[in-house]
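Down below is the structure, laid out as structure tokens.
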Amino acid sequence: MSGTRQLNPTTGTGVKSPGRWLALSVLVLAVLLVAVDATVLGLATPALSEDLKPTGTQLLWIGDIYSFVIAGLLVSMGSLGDRIGRKKLLLIGATAFGAVSVLNAYATSPEMMIVARALLGVAGATLMPSTLALIRNIFHDPKERSLAIGIWGATASAGAAVGPVVGGALLQHFWWGSVFLINLPVMAALVLVGIKLLPESKNPVTGPWDLISVGLSLVGVIGVVYAIKEAASHGLSWEIGAAALIGATALWAFVRRQHRLTAPLLDMRLFKHRGFSGAVLADLLTVFGLSGLVFFLSQFLQLVQGREPLEAGLAELPAAIGAVVTGLVAGRYARRFSVRGIVAGGLAAIGLALAVVTVIHKDTGYPLLGAALLVVGLGAGFSFTVTADVILSSVPKEQAGSASAVSETAYELGAALGIALLGSIVTGVYQGFVTPPGVPADAAAAAHESLGGAVEVSAGLAPDSANALVSTAQDAFVDGLNLAAGVGAAVLLATAVAAWFLLKGQKLEDGIEH
């Protein structure tokens with residue numbers, strides 16, 4: 001078994017081996033790529049908009065459909081990994097992820113891009129729960145496992161912030177499709193190395209994979225999140241109400257079905273544990289704040305402050321640095337102090353950083369922006385890592401895939417909601433700006449779709465009209481960003497208070513498993 005450990009093929013139990021850290025490096029590679037892909041489009045948005053010419057709504061779907069589909073399928077894929085083997089599912093998913101990346105890179109229309117991103121989400125959903133579940137089965141010493149989860153969590157958090165840097169470096173020299181083609185060599189290396197290094201593990205006692213539950217979870221998550229996104233952007237309508245009703249009904253049916261199945265996709269009894277539920281909530285809203293801020297500051301730095309893509313990406317690097325630093329020490333600090341103190345403190349830090357963003361303007365200097373990003377990263381590293389450890393430690397090894405899927409569903413749903421809800425607020429405020437005199441109707445219509453559209457159409461206008469249009473559009477975008485940051489800050493600070501009570505008495509394990 002390639003030196004990772006001598007494992008029982010079904011339970012994954014065994015003795016320590018130095019190869020477990022090499023195995024972790026392969027898992028981290030997969031997590032990094034999926035996390036990067038969630039935000040790498042932030043910097044590519046202006047170039048993509050110029051090439052594919054999406055509407056404002058299509059642009060939001062391109063940004064968040066990837067995370068929506070992942071969130072809708074994670075529970076199903078985590079359960080599938082428990083059944084067929086987590087290593088097998090990881091390698092299949094990695095191969096598909098690389099192949100679908102090519103389709104994304106060469107999309108020729110907004111509709112094709114949306115479909116390609118959705119398919120990439122299907123492949124991504126096979127990767128995330130498999131990585132965390134394998135960590136649960138490879139590391140049996142809780143302190144070692146906390147460090148491994150810290151590395152995993154730091155990578156997941158940092159990946160969201162590294163995405164703009166990777167995107168910026170590629171966009172400096174290549175076209176926007178290159179941000180997807182970079183996936184191919186990484187996934188090829190993951191498959192080749194993973195075949196040798198990773199141990200196989202699965203639940204020895206499972207029932208059939210329930211396809212009805214798979215469909216219900218997918219329809220439920222996408223229906224509800226779509227309704228929230230559209231209501232925030234366009235107000236209530238009967239179509240949005242219908243989507244919300246369909247989604248909520250599907251989720252209700254999913255929960256009911258899990259209670260009746262002898263081998264459910266997700267054991268709903270886990271949520272009766274106050275600490276487990278509190279950790280899931282904190283997990284979701286940590287990523288909500290991080291991804292929303294990173295996604296929209298990418299556009300602010302480029303389209304408002306005029307930075308080049310690589311410069312804008314590097315400007316967001318403090319978030320990645322903060323997440324890595326605190327992710328690696330979060331488990332140790334949670335044992336020394338308290339789980340609830342570390343998680344609530346991390347959430348509060350993100351909330352305070354978002355509050356700072358409410359006062360930025362077009363000419364805000366980088367020190368304030370960089371400090372806000374650093375604090376967001378520090379808070380995310382603490383909160384996300386400890387909550388993942390709590391979630392994973394709450395279940396037997398055999399259910400590691402399902403528990404991992406819950407953690408990852410919270411992560412991806414948080415990323416999707418961060419872009420969708422905060423983005424809808426930004427878009428709603430932005431589209432209300434008053435067109436300056438002298439701007440033709442067709443140019444005004446294009447400018448109201450997105451800030452990228454305003455910058456593009458201004459190139460064909462007289463200098464005075466162009467400057468007035470771009471300046472007005474930038475002011476409207478900043479106003480929207482300020483309001484969205486305020487809403488995000490209120491949500492994160494309220495969640496910090498809730499986490500303090502929900503995680504009362506929660507501790508991380510100290511003893512070694514046998």
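- Annotation: side chain of Ile222 is in contact with side chain of Leu218 (closest heavy-atom distance under 4.5 Å).
- For Asn104 (side chain) and Ala116 (main-chain N/O), a donor-acceptor pair under 3.5 Å exists by modelled atom type.
- To the nearest 0.5 Å, atoms CG (Leu251) and CZ (Arg256) are separated by 14.5 Å.
- Separation of atoms CD1 (Ile350) and CG (Leu378) is listed at 10.0 Å; rounding is to 0.5 Å.
- The line from CG of Leu328 to OG1 of Thr385 is 8.0 Å long, rounded to the nearest 0.5 Å.
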Check the pair Leu347, Thr286 against side-chain contact (heavy atoms from CB on, under 4.5 Å), reporting the backbone distance first and the verdict last. CA-CA 6 Å; Leu347 289 165; Thr286 294; 3.3 Å; yes
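- Residues Pro54 and Ile62 share a closest heavy-atom pair of CB-CD1, 4.3 Å.
- Under the 4.5 Å side-chain criterion, counting only non-hydrogen atoms from C-beta, Phe254 is not in contact with Val219.
- Nearest approach of Ala125 to Leu73, heavy atoms of both residues: CB-CB, 3.7 Å.
- Arg117 places no side-chain N or O within donor-acceptor distance of the main-chain N or O of Tyr66, the cut-off being under 3.5 Å.
- For the pair Leu245 and Thr249, the tightest heavy-atom approach, listed with the atom from each and the gap, is O-OG1, 2.7 Å.
- A heavy-atom distance below 4.5 Å is found between the side chains of Leu127 and Met187.
- Results of the side chain to side chain contact (heavy atoms under 4.5 Å, CB included) test with Val255 over Arg257, His259, Gln258 single out His259 as the only residue that passes.
- For Leu181 against Pro185, the heavy-atom pair with the smallest separation is O-CD, 3.5 Å.
- Residue Leu89 comes nearest to Met77 through the heavy atom pair CD2-O, 3.1 Å, listed as atom of the first residue, atom of the second, then distance.
- Side-chain atoms of Ser383 do not come within 3.5 Å of backbone N or O of Gly346 as any donor-acceptor pair.
- One finds the CZ atom of Phe97 at 9.0 Å from the CZ atom of Phe180 (value rounded to the nearest 0.5 Å).
- Contact check for Leu52 versus Ser109: no side-chain heavy atoms found under the 4.5 Å cut-off.
- Leu481 has its side chain within reach of Val357: a pair of non-hydrogen atoms, C-beta onward, lies under 4.5 Å apart.
- With rounding to the nearest 0.5 Å, the separation of CG in Leu190 from CG in Leu91 is 7.0 Å.
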Audit row: Ile240, Ser237, side-chain contact (heavy atoms from CB on, under 4.5 Å) steps and yes/no: CA-CA 5 Å; Ile240 293 171; Ser237 67; 3.4 Å; yes
Given side-chain contact (heavy atoms from CB on, under 4.5 Å), test Met112 with Leu103 step by step and report yes or no. CA-CA 9 Å; Met112 183 178 175; Leu103 182 62; 3.5 Å; yes
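- For the pair Leu90 and Thr126, the minimum side-chain heavy-atom distance is 4.5 Å or more.
- Applying the side chain to side chain donor-acceptor pair (under 3.5 Å) criterion to Ser217, with sequence neighbours excluded, gives Ser76.
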Would you please test Ser101 and Leu184 for side-chain contact (heavy atoms from CB on, under 4.5 Å) and show each step? CA-CA 7 Å; Ser101 294; Leu184 272 65; 3.9 Å; yes
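- Atom CG of Leu354 is separated from atom CG of Leu422 by 7.5 Å, given to the nearest 0.5 angstrom.
- When all heavy atoms of Ala105 and Gly177 are compared, the closest pair comes out as CB-O, 3.3 Å.
- In this pair, Trp175 and Tyr106 present their aromatic rings tilted. The plane angle is within the 30 to 60° band.
- Between the side chain of Thr387 and the main chain of Phe384, a donor-acceptor pair closer than 3.5 Å is present.
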